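Some notes on the structure that comes next.
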Protein chains: 2
Amino acid sequence: MLSKKTQYAFHALIHLAENADKGPILISEIAHEKNISIKFLENILLELKNAGILGSKKGKGGGYYLLKAPKEIPLARIIRLLDGAIALLPCVSLNYYERCENCRDEAVCGLNDVMSKVRDATLKILENKTLKDILTRNVSIL
Amino acid sequence: MLSKKTQYAFHALIHLAENADKGPILISEIAHEKNISIKFLENILLELKNAGILGSKKGKGGGYYLLKAPKEIPLARIIRLLDGAIALLPCVSLNYYERCENCRDEAVCGLNDVMSKVRDATLKILENKTLKDILTRNVSIL
DNA sequence: AAAAAAGTCTATCCTTTTTATAGAGTTTAT
DNA sequence: ATAAACTCTATAAAAAGGATAGACTTTTTT
């Protein structure tokens with residue numbers, strides 16, 4: 001299951017993308033619209049900013065905005081950023097690999113084998129589907 | 001990511017299946033063989049017993065043993081039992097569904113749509129692969 | 001220059017879940 | 001009777017998740 005953090009990030013990004021034509025969007029607007037605690041959302045948007053996905057503008061008329069086109073943001077990127085590994089086991093994770101401490105040889109572990117298949121099937125979708133693919137409203141500017 | 005509990009459960013089940021011809025297996029043997037805390041493993045095996053997957057025998061010569069053939073135990077069953085939902089979002093879970101609190105209408109939510117596809121791809125594997133499929137050693141008795 | 005609006009950043013806190021341990025209790029083979 | 005093993009309940013330590021507070025900085029407006 002994805003953490004709340006990642007779930008909130010997706011909803012916030014959707015809101016930012018669908019309103020990209022309105023300039024910077026207030027955290028408070030997103031929080032209200034998507035029913036998320038405003039302070040918690042602050043942390044999340046900051047992480048997305050530090051990762052180069054969002055930009056922000058301070059002062060009056062400020063807010064957050066996308067730095068990249070939605071179609072350039074794969075869903076897998078967001079999950080890895082906020083949740084870490086996408087794989088079900090550390091020993092089959094591509095980006096957060098850790099050696100299995102419960103089996104003698106990963107090379108002949110049937111569990112490793114099956115979970116690699118699950119990982120591949122999952123990534124096939126999450127690496128190819130982008131923020132653009134989960135938008136409801138189409139904004140011409142993007 | 002699967003919890004340690006589920007990971008340990010898989011390794012314990014593998015050990016039980018691969019040694020099914022030896023009669024009841026001691027918790028301590030599994031714990032030692034798979035490098036798992038014996039007391040933690042106790043709880044896990046008990047859960048598996050209460051779910052009807054394992055049987056146990058008390059007293060000298062006792063231990064745990066499989067109640068069903070490995071090919072009758074889908075991996076998804078174990079995950080659901082110990083970890084709960086397999087889906088990445090509560091709003092796309094078949095067995096642990098919860099309404100999405102961040103979007104207006106799940107029916108037109110793009111995120112819901114993509115995550116349903118991930119769920120289907122994952123379940124296609126985890127519902128069809130069984131304990132038998134992750135064994136290294138083949139035990140004729142099974 | 002001052003005030004107001006808005007995001008930034010750090011620190012802290014509370015709760016829940018996860019992981020792990022302890023120990024008394026019960027059952028069974030010998 | 002005894003020792004071997006699982007059972008069960010309670011507890012605790014650690015990590016993660018979720019949330020809050022408040023001082024700080026930047027920018028716009030007046």
Side-chain angles (χ1 to χ4, degrees), chain A residues 1-9 11-12 16 22-32 34-67 79 81-85 88-90 96 98 101-102, chain B residues 1-12 16 22-32 34-51 53-67 79 81-85 88-90 96 98 101-102:
Chain A
M1 195 79 87
L2 298 178
S3 69
K4 284 282 183 188
K5 221 167 166 175
T6 300
Q7 293 180 39
Y8 290 162
H11 288 288
L16 286 171
K22 303 200 182 71
I25 307 291
L26 294 184
I27 295 180
S28 58
E29 176 184 322
I30 304 172
H32 178 261
K34 298 293 186 172
N35 197 31
I36 304 172
S37 145
I38 185 170
K39 280 292 187 177
F40 195 31
L41 186 55
E42 254 186 33
N43 295 327
I44 296 167
L45 296 185
L46 203 49
E47 278 193 69
L48 291 170
K49 182 191 168 182
N50 292 335
I53 293 168
L54 296 182
S56 69
K57 189 162 182 287
K58 288 182 178 181
K60 196 170 182 179
Y64 278 93
Y65 50 88
L66 286 173
L67 279 182
I79 297 176
L81 183 63
L82 297 165
D83 257 15
L88 293 181
L89 297 178
Y96 298 85
E98 280 174 50
E101 290 168 342
N102 308 117
Chain B
M1 197 76 90
L2 297 178
S3 69
K4 285 281 184 189
K5 218 167 167 176
T6 300
Q7 294 180 39
Y8 291 163
F10 278 129
H11 288 287
L16 286 171
K22 303 199 183 69
I25 307 292
L26 294 185
I27 297 178
S28 56
E29 174 184 323
I30 304 173
H32 177 260
K34 297 293 187 174
N35 196 29
I36 303 171
S37 143
I38 185 168
K39 278 296 189 176
F40 194 32
L41 185 55
E42 258 185 28
N43 295 327
I44 296 167
L45 296 184
L46 204 49
E47 277 194 70
L48 290 170
K49 181 192 169 181
N50 291 334
I53 293 168
L54 297 182
S56 69
K57 189 161 182 290
K58 287 184 179 178
K60 198 170 181 178
Y64 278 95
Y65 49 88
L66 286 174
L67 279 183
I79 298 176
L81 183 63
L82 296 166
D83 257 15
L88 294 180
L89 297 178
Y96 298 85
E98 280 173 49
E101 289 169 343
N102 307 117

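Everything quoted here is computed from the prediction, not taken from an experiment. Order of the sequence lines fixes the chain letters, A, B, ..., with proteins taken first and strands second; residue numbering starts at 1 for each chain.
- Partners of B:T6 by side chain to side chain donor-acceptor pair (under 3.5 Å), not counting sequence neighbours, listed by chain and number: B:S3, B:D83.
- Across all strands shown, B:L54 has no heavy atoms under 4.0 Å from either base or sugar-phosphate atoms.
- One can place NZ of A:K4 at 14 Å from P of C:dT16, the figure rounded to the nearest angstrom.
- Taking the side chain as every heavy atom from C-beta outward, B:Y65 and B:I25 never approach each other to under 4.5 Å.
- Distance CG (B:L2) to C1' (C:dT17): 16 Å, rounded to an integer number of Å.
- Nucleotide C:dA20 holds its P atom 17 Å from the CG atom of B:L46, rounded to whole Å.
- The distance from atom CG of A:L45 to atom C1' of C:dG7 is 10 Å, rounded to the nearest whole Å.
- Rounded to whole Å, the distance from CD on A:E47 to P on C:dG7 is 18 Å.
- Using a 4.0 Å heavy-atom distance criterion, A:L26 is classed as a sugar-phosphate-only contact.
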Donor-acceptor contacts under 3.5 Å from residues 35-48 of chain B side chains, at least two apart:
residue	atom	partner	partner atom	Å
B:N35	ND2	A:E101	O	3.3
B:S37	OG	B:F40	N	3.3
B:E47	OE2	B:K5	NZ	2.8

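- The nearest whole Å value for the distance from the CG atom in A:N50 to the P atom in C:dC9 is 7 Å.
- Nearest heavy atoms, A:M1 versus B:L89: SD-C, 3.7 Å.
- B:N102 places no side-chain N or O within 3.5 Å of a backbone atom of A:H11 that could act as its donor or acceptor partner.
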Legend entry - Nucleotide-resolved protein contact map, nucleotides 21-30 of chain C, B/S/- at heavy-atom distance under 4.0 Å: BBB---BBS-
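- A sub-4.0 Å separation between OP1 or OP2 of D:dG18 and a side-chain N or O of A:Y8 is absent.
- Straight-line distance from the NZ atom of B:K5 to the C1' atom of C:dA20: 11 Å, rounded to whole Å.
- Between B:L54 and B:L67, every side-chain heavy-atom pair lies at or beyond the 4.5 Å cut-off.
- For B:Q7 and C:dT19, the CD to C1' distance is 12 Å, given to the nearest whole Å.
- Counting heavy atoms from C-beta outward, B:L2 and B:L82 have side chains that stay 4.5 Å or more apart.
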